Amino acid sequence: MQKPSIPKGTRDFGPIQVNRRNYIFDTLRRVFVKYGYQPIETPVMENLSTLTGKYGEEGDQLLFKVLNSGDFLRKVNDADYQEGNYKKMTFQISEKGLRYDLTIPFARYVVMNQNDIAFPFKRYQIQPVWRGDRPQKGRYREFYQCDVDVVGSDSLINEVELTQIYDEGFAALGIDVVIKMNNRKILTGIAEAAGIPDKMMAMTMAIDKLDKIGIDGVKDEMRRKEINETAIDTIENILNIKDFSELEDFFKDSETGLKGVEEFRTVVGYLKEIDLKNEVVFDITLARGLNYYTGTIYEVAAKDVKIGSIGGGGRYDDLTGTFGLKGVSGVGVSFGAARIYDVMEELDIFPDSTAAGTQLLFVTFDEASFDYAFNALQTIRKAGINAEIYPTPTKMKKQMKYANARKIPYVAVVGDNEMQAGEVALKNMQTGEQENLTVLDLVAKLTQ
RNA sequence: GUAGUUGUAGCUCAGUUGGUUAGAGCGCUGGAUUGUGGUUCCAGAGGUCGCCGGUUCAAAUCCGGUCUUCUACCCCA
């Protein structure tokens, strides 16, 4: 008999973990709803054509493809097979893929349902996504994301509110975070100021690593990407500035750069008037990989745990454009549920209430006491108390051990004495104290 | 995809230069205790040493391959 296993990078979730994860979802959901966002869900599978080309070449590699049903070899081009051209063949044997994030499916949803949607459309979505990554710390192949996006509004007030949602959401969970912000237009401005607009992507990827590899590492990386020395000097000077307002001196000839600074100033202006619990910082080195961002970009890092980012997002001016709906701007942020879980576990800040399940277990000795207890159980449940009965009247030790293992706080023992008195013996499993009560008194005690 | 790392009982792990019948703790089952768990004592069950192949009189141990775990790079939540 083979030992069972689950695919690499996936995990089972036991009762405790699911309760805790639901606690995270419930907490965030309350915040999302408070700010006027509505829930949607999309299928786990999308057409492969919907997903490919949206996440860069790396992203395409990390997509899980679903093999066509039936004779999937029928459509394979023999020449491609002979050449060993697996990339072309991929699309001949697979037409569907598992979603890689929630943003692209959302864009697809907006385009398909544009006639029924009242814009600006504010939606939240809590569903798992899949990536064919090598698993390691804080990286899984299946994980939940909680996305909040608004489409159909250019207003920077959305950026402000999403910052608030981050702040309020993490505060509600009890995680101290730094909310890092930047603007893609500022990054474009840097590339233009350095005279290398065509190398903007290579440049941002390099400076994104600043805190990891240092300024010399960044410069080496840019040299490898064939960025010239004068440009590197200019970029280094810009990276050294302290306040984003100083950027304007560098951006005299970069319209986009100036626009980015202006946008950023507007957002910061609003944020100053709001009482935030977490730190919000301007981080010029923040780049982020997804290439559809065009304006504000966000990234959230936990202060007390080293685990990479636990949230990210940004503004994308033309996300729905690839699906045929032009001129609709969107902005959104994502909460990385799996990493948030890991952080909360490491900090040990899950509230005890997340473990709450059964409150009361009935323990019985024989058929007569079982019937009596089963009857009482119905009354208890009608009163809204989570309760169960050990399904067979067996040895008391066994039943008590079960209650203990399940961390059930109260046990109601029913034997001859109790039945005769019309009572149950209620035992507090934490203190060991025991008292005899009628079922009505029991309800009163447990509902107070 | 590259580099390193891990795999032995349900779980966490020992296992010496290759040498008879592979161990411990926890957990599980039964008993001490016919109405009291979380503490104690006794007994028992439970293993294809990841998988395939090789070296050897002899492999958990050495060699090769493969899968897996974790970590770093790449990229990202």
Side-chain angles (χ1 to χ4, degrees), chain A residues 1-11 14 24 55-63 86 99-103 126-147 166 177 201 204-206 208-209 212-213 217 221 224 286-291 298-302 306-313 332-343 361 363-366 369 390 393-419 424-434 436:
Chain A
M1 194 175 71
Q2 68 161 13
K3 277 194 178 178
S5 62
I6 54 174
K8 199 194 265 200
T10 64
R11 298 163 300 163
I24 295 174
Y55 310 106
E57 211 169 315
E58 287 276 349
D60 285 356
Q61 296 271 309
L62 299 179
L63 283 173
Y86 76 95
R99 74 167 100 79
Y100 180 90
D101 70 0
L102 301 178
T103 309
I126 300 175
Q127 288 190 282
V129 302
W130 292 268
R131 294 183 189 179
D133 249 357
R134 278 287 169 91
Q136 51 183 275
K137 179 164 181 158
R139 304 181 68 170
Y140 307 101
R141 288 182 145 179
E142 178 186 58
F143 59 96
Y144 272 85
Q145 285 193 325
C146 313
D147 270 31
Y166 260 151
V177 295
M201 283 298 287
T204 54
M205 279 171 72
D208 189 36
K209 295 174 193 160
K212 210 183 245 178
I213 59 178
E221 172 107 8
R224 272 200 297 281
L286 179 61
R288 297 193 54 76
L290 298 174
N291 42 22
Y298 298 91
E299 191 162 290
V300 180
K306 201 167 178 286
I307 195 173
S309 65
I310 55 177
V333 296
S334 176
F335 289 75
R339 285 190 181 173
I340 291 172
Y341 183 101
D342 290 348
V343 167
L361 175 79
V363 165
T364 63
F365 297 104
D366 49 32
S369 64
Y390 198 88
T394 177
K395 277 195 199 122
M396 191 162 208
K397 177 171 174 158
K398 192 165 182 167
Q399 302 186 61
M400 294 300 271
K401 270 187 107 157
Y402 173 78
N404 198 52
R406 286 277 312 277
K407 294 195 166 62
I408 296 171
Y410 290 99
V411 164
V413 181
V414 178
D416 290 340
N417 302 340
E418 287 79 11
M419 281 193 284
V424 301
L426 181 70
K427 174 162 180 159
N428 180 324
M429 291 296 278
Q430 213 155 13
T431 62
E433 283 165 17
Q434 197 163 316
N436 281 26

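In the text below, chain A, chain B and the rest are named by the order of the sequence lines, each starting its count at 1. The structure presented is a predicted model; accordingly, all values stated were derived computationally and were not measured. In what follows, every heavy atom counts, from backbone to side chain, and hydrogens, waters and symmetry copies are set aside.
Between the C1' atoms of B:rU66 and B:rA9, the separation comes to 25 Å (whole Å). Taking atom P on both nucleotides, B:rC63 is separated from B:rG7 by 14 Å, rounded to a whole Å. For B:rU20 and B:rG1, the P atoms lie 42 Å apart once the distance is rounded to whole Å. B:rU21 and B:rG25: their P atoms are spaced 23 Å apart (whole Å). B:rA77 and B:rU39 have their C1' atoms separated by 45 Å, with the value rounded to a whole Å. B:rG47 and B:rC42 have their C1' atoms separated by 25 Å, with the value rounded to a whole Å. On the C1' atoms, B:rA60 is 5 Å away from B:rC49, given to the nearest whole Å. Comparing the P positions of B:rA14 and B:rU6 gives an interatomic distance of 11 Å, to the nearest angstrom.
With sequence neighbours left out, the ring pair (Phe, Tyr, Trp, His ring centres under 6.0 Å) criterion links A:Tyr144 to A:Phe25. Residues passing the ring pair (Phe, Tyr, Trp, His ring centres under 6.0 Å) test with A:Tyr410, sequence neighbours excluded: none. Under the side chain to side chain donor-acceptor pair (under 3.5 Å) criterion, A:Glu418 pairs with no residue, sequence neighbours left out. With sequence neighbours excluded, no residue satisfies ring pair (Phe, Tyr, Trp, His ring centres under 6.0 Å) with A:Tyr140. Every residue meeting the side chain to side chain donor-acceptor pair (under 3.5 Å) condition with A:Asp366, not counting sequence neighbours, appears here in chain and number order: A:Ser369. For A:Ser334, the side chain to side chain donor-acceptor pair (under 3.5 Å) test picks out A:Asp147, with sequence neighbours left out. By the ring pair (Phe, Tyr, Trp, His ring centres under 6.0 Å) test, A:Phe143 pairs with no residue at all, sequence neighbours left out.
Of the two residues near RNA chain B, A:Thr10 and A:Gln145, the one whose nearest nucleotide lies more 5' is A:Thr10.
Within 4.0 Å of A:Tyr140, counting heavy atoms only, lies at least one base atom of the nucleic acid. If you check every strand for non-hydrogen atoms under 4.0 Å, A:Gln136 touches a base. As judged by a 4.0 angstrom heavy-atom cut-off over every strand, A:Gly311 is placed among residues touching the sugar-phosphate backbone only. Within 4.0 Å of A:Ser309, counting heavy atoms only, lie sugar-phosphate atoms of the nucleic acid but no base atom.
If you take CZ of A:Arg339 and C1' of B:rC75, they are 11 Å apart, rounded to a whole angstrom. Atom CD1 of A:Ile310 is separated from atom C1' of B:rA77 by 10 Å (rounded to the nearest Å). Distance, A:Ile213 CD1 to B:rC75 C1': 14 Å, rounded to whole Å. The separation between A:Ile6 atom CD1 and B:rC67 atom P is 18 Å, rounded to whole Å. In this structure, the NZ atom of A:Lys137 is 16 Å from the C1' atom of B:rU69, given to the nearest Å. Atom CD1 in A:Ile340 sits roughly 13 Å away from atom P in B:rA77 (whole-Å rounding). Regarding A:Arg139, its CZ atom lies at a distance of 16 Å from the C1' atom of B:rU69, rounded to whole Å. For the pair A:Tyr298 OH and B:rA77 P, the interatomic distance rounds to 15 Å; values are reported in whole Å.
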I'd like a list of close polar pairs between nucleotides 35-40 of chain B and the protein, N/O only, cut-off under 3.5 Å.
residue : atom : partner  : partner atom : Å
B:rG35  : O6   : A:Asp416 : N            : 3.3
B:rG35  : O6   : A:Asn417 : N            : 3.2
B:rG35  : O6   : A:Asn417 : ND2          : 3.2
B:rG35  : O6   : A:Glu418 : OE1          : 3.4
B:rG35  : N1   : A:Glu418 : OE1          : 2.9
B:rG35  : N1   : A:Glu418 : OE2          : 3.2
B:rG35  : N2   : A:Glu418 : OE2          : 2.9
B:rU36  : O2   : A:Lys427 : NZ           : 3.0
B:rU36  : N3   : A:Gln434 : OE1          : 2.9
B:rU36  : N3   : A:Gln434 : NE2          : 3.3
B:rU36  : O4   : A:Gln434 : NE2          : 2.5
B:rG37  : O2'  : A:Asn404 : ND2          : 3.4
B:rG37  : N7   : A:Lys427 : NZ           : 3.2
B:rG37  : N1   : A:Met429 : O            : 2.6
B:rG37  : N2   : A:Asn404 : OD1          : 2.9
B:rG37  : N2   : A:Met429 : O            : 2.6
B:rG37  : N3   : A:Asn404 : OD1          : 3.3
B:rG38  : O4'  : A:Asn404 : ND2          : 3.0
B:rG38  : N2   : A:Gln430 : O            : 3.3

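Here the side chain of A:Arg131 is nearest to one of B:rA72, B:rC75, B:rA77, namely B:rA77.
The aromatic rings of A:Tyr298 and A:Tyr166 sit perpendicular, their planes meeting at an angle over 60°, well past the 30° parallel limit.
In plain terms, the two heavy atoms of A:Val414 and A:Met419 that are nearest each other are CG1-CG, 3.9 Å. Pairing each heavy atom of A:Tyr402 with each of A:Ile408, the nearest pair is CE2-CD1, 4.5 Å.
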Practice problem: Could you walk me through whether A:Gln399 and A:Val411 pass side chain to side chain contact (heavy atoms under 4.5 Å, CB included), step by step? | Solution: CA-CA 9 Å; A:Gln399 302 186 61; A:Val411 164; over 6 Å; no
Quiz prompt | For RNA chain B, the dot-bracket pattern of Watson-Crick and G-U pairs whose distances stay under 3.5 Å, | for other-strand partners | solution = ((((..(..((((.....[...)))).(((((.......))))).....(((((..]....))))))..))))....
